[in-house]
**Q** 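The following block contains the structure, expressed as structure tokens.
Atom set for the values below is all heavy atoms of this structure, side chains included, hydrogens, waters and symmetry mates excluded. Whatever order the structure lists ligands and atoms in, that order sets their numbers, starting from 1.
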Amino acid sequence: MRQKLVAGNWKMHGSLDENQALLNELRIALADMRNMACAVCVPSPYLAQTQSVLADSPIGWGAQNMSEYAKGAYTGEVSASMLLDFGCHYVIIGHSERRALYGETDQVVAAKFAAAIKAGLTPILCVGETLAEREADMAESVIARQLDAVLAVSGMAGMAQAVIAYEPVWAIGTGKTASPAQAQAVHAFIRQKLAVQDADIAERLVIQYGGSVKAANAAELFSQPDIDGGLIGGASLVADEFVAICKAAQS
Ligand code: 13P
């Protein structure tokens, strides 16, 4: 039985004051959650604050990006070991915003994924197609290409240490969610593709859905057989919404 994981991706939002209020609310409301895991991926400057508020809570935390390099002259970058210094468990890798806005290629994503695994972090690997790709009936081939790049470097042994997030680009921040059936079809495709290489690892792999998940649609999405929780953007900034989404993963 896979345990569902709900993770918040705060993106570039928050302040010390706002985070303190949000993290405190989550810590209290999610103190006794069972049979699921939840986490927040915060902007790196707030990792110390997040660690100090969540230290004794069952909520995990992580970052939204990291360097593929261990150390060196890489101005502005943050390494895996720096994330570990602040107790991170997770790091989002290959989010579509990083791919589209910061030029992260499949190869860069694969290198970051490998560096996260090597450091003992759990990468949340984001894959997903754009609207144009979906309309051209290319969703599966795009996702296969994104997965193959990571498999070429880290293999199924890497996947065994990771979480995958299927995030159709057209559903991110648009209010347009993939229907539960549409999302399920892609999740099943991902699992079957990986099962060809290793059925046990594919069966255990947590595959989250991301893209306009909110309290109102979470339960139906999470009831699909291959949807193991969600990666939540906008709704993760609102305590009541995020808590309700976590509770939907529990039931
Ligand atoms: P929204 O939930 O705001 O659509 O964002 C999804 C996302 O990109 C999570 O990584």
**Q** Give a yes/no verdict on whether any heavy atom in K214 is under 4.0 Å from an atom of ligand 1.
**A**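 No, K214 has no heavy atom closer than 4.0 Å to ligand 1.
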
**Q** What are the atoms of ligand 1, with element, lying closer than 4.0 Å to any heavy atom of L231?
**A**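 This gives 9 (C), 10 (O) as the contact atoms.
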
**Q** Does this structure show an ion pair linking R99 with E104, if we count only N-O contacts that are shorter than 4.0 Å?
**A**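 Answer for the salt bridge query: no.
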
**Q** Quiz question: by atom type and distance under 3.5 Å, do the side chains of D106 and Q146 form a donor-acceptor pair?
**A**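 No, no side-chain donor-acceptor contact under 3.5 Å.
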
**Q** Salt bridge check, K193 against D148: does any charged N sit closer than 4.0 Å to a carboxylate O?
**A**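 Looking at K193 together with D148, the answer is yes, because their closest N to O distance falls below 4.0 Å.
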
**Q** Which residue and atom name correspond to the protein heavy atom nearest atom 9 (C) of ligand 1, and how close is it?
**A**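 The answer is E167 OE2, 2.8 Å.
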
**Q** Taking 4.0 angstrom as the limit and counting only heavy atoms of A171, give me the atoms of ligand 1 inside it, by number and element.
**A**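 Selected atoms, number and element: 4 (O).
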
**Q** Answer with side chain, backbone, both or neither: which part of N9 has a heavy atom less than 4.0 angstrom from an atom of ligand 1?
**A**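 It is the side chain that touches ligand 1; the backbone stays farther off.
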
**Q** If we only count N/O pairs under 3.5 Å, is S212 in contact with ligand 1?
**A**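 Right, the criterion is met.
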
**Q** Is the backbone N or O of D200 less than 3.5 Å from a side-chain atom of E203, with the two atoms forming a donor-acceptor pair by type?
**A**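 No, the answer is negative, given that no donor and acceptor are paired below the 3.5 Å cut-off.
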
**Q** Could you tell me if any non-hydrogen atom of C126 lies under 4.0 Å from any atom of ligand 1?
**A**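 The answer is no, since C126 has no heavy atom less than 4.0 Å from ligand 1.
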
**Q** Find all atoms of ligand 1 within a distance of less than 4.0 Å from any non-hydrogen atom belonging to G234, and give their numbers and elements.
**A**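 So the atoms of ligand 1 that pass are 1 (P), 2 (O), 3 (O).
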
**Q** Among the heavy atoms of A235, does any lie under 4.0 Å from an atom of ligand 1?
**A**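 The answer is no, since A235 has no heavy atom less than 4.0 Å from ligand 1.
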
**Q** Relative to ligand 1, is S236 under 4.0 angstrom through side chain, backbone, both or neither, heavy atoms considered?
**A**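 It is neither part, as no heavy atom is under 4.0 Å.
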
**Q** Thinking salt bridges, do D228 and K4 make one under a 4.0 Å N-O criterion?
**A**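 K4 and D228: not salt-bridged.
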
**Q** Evaluate the ring planes of H187 and Y209, with Trp represented by its six-membered ring, and classify them as parallel (under 30°), tilted (30 to 60°) or perpendicular (over 60°).
**A**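 Judged by the thresholds at 30° and 60°, the geometry between H187 and Y209 is tilted.
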
**Q** Any carboxylate oxygen within less than 4.0 angstrom of a Lys/Arg side-chain nitrogen, looking at E97 and K11?
**A**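 Between K11 and E97 there is a salt bridge, with a charged N closer than 4.0 Å to a carboxylate O.
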
**Q** Are the charged groups of D198 and R204 less than 4.0 angstrom apart, N to O?
**A**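 Looking at R204 together with D198, the answer is no, because their closest N to O distance does not fall below 4.0 Å.
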
**Q** Judging by distance only, is a nitrogen or oxygen of E97 under 3.5 angstrom from one on ligand 1?
**A**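 Between E97 and ligand 1 (N or O atoms, distance only) the closest approach is not under 3.5 Å.
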
**Q** Nearest protein heavy atom to atom 2 (O) of ligand 1, by residue and atom, and its distance?
**A**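 So the nearest neighbour among protein heavy atoms is G233 N, 2.9 Å.
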
**Q** Among all the protein's non-hydrogen atoms, which is closest to atom 4 (O) of ligand 1, and how far away is it?
**A**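 Nearest neighbour among protein heavy atoms for atom 4 (O) of ligand 1, to 0.1 Å: G173 N, 2.6 Å.
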
**Q** Looking at CG of L23 and OG1 of T50, how far apart are the two atoms once the value is rounded to the nearest 0.5 Å?
**A**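 Reported to 0.5 Å precision, the distance equals 5.0 Å.
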
**Q** Check each atom of ligand 1 against the heavy atoms of G211 and keep those under 4.0 Å away; list them by number with element.
**A**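 The list of qualifying atoms is 4 (O), 6 (C).
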
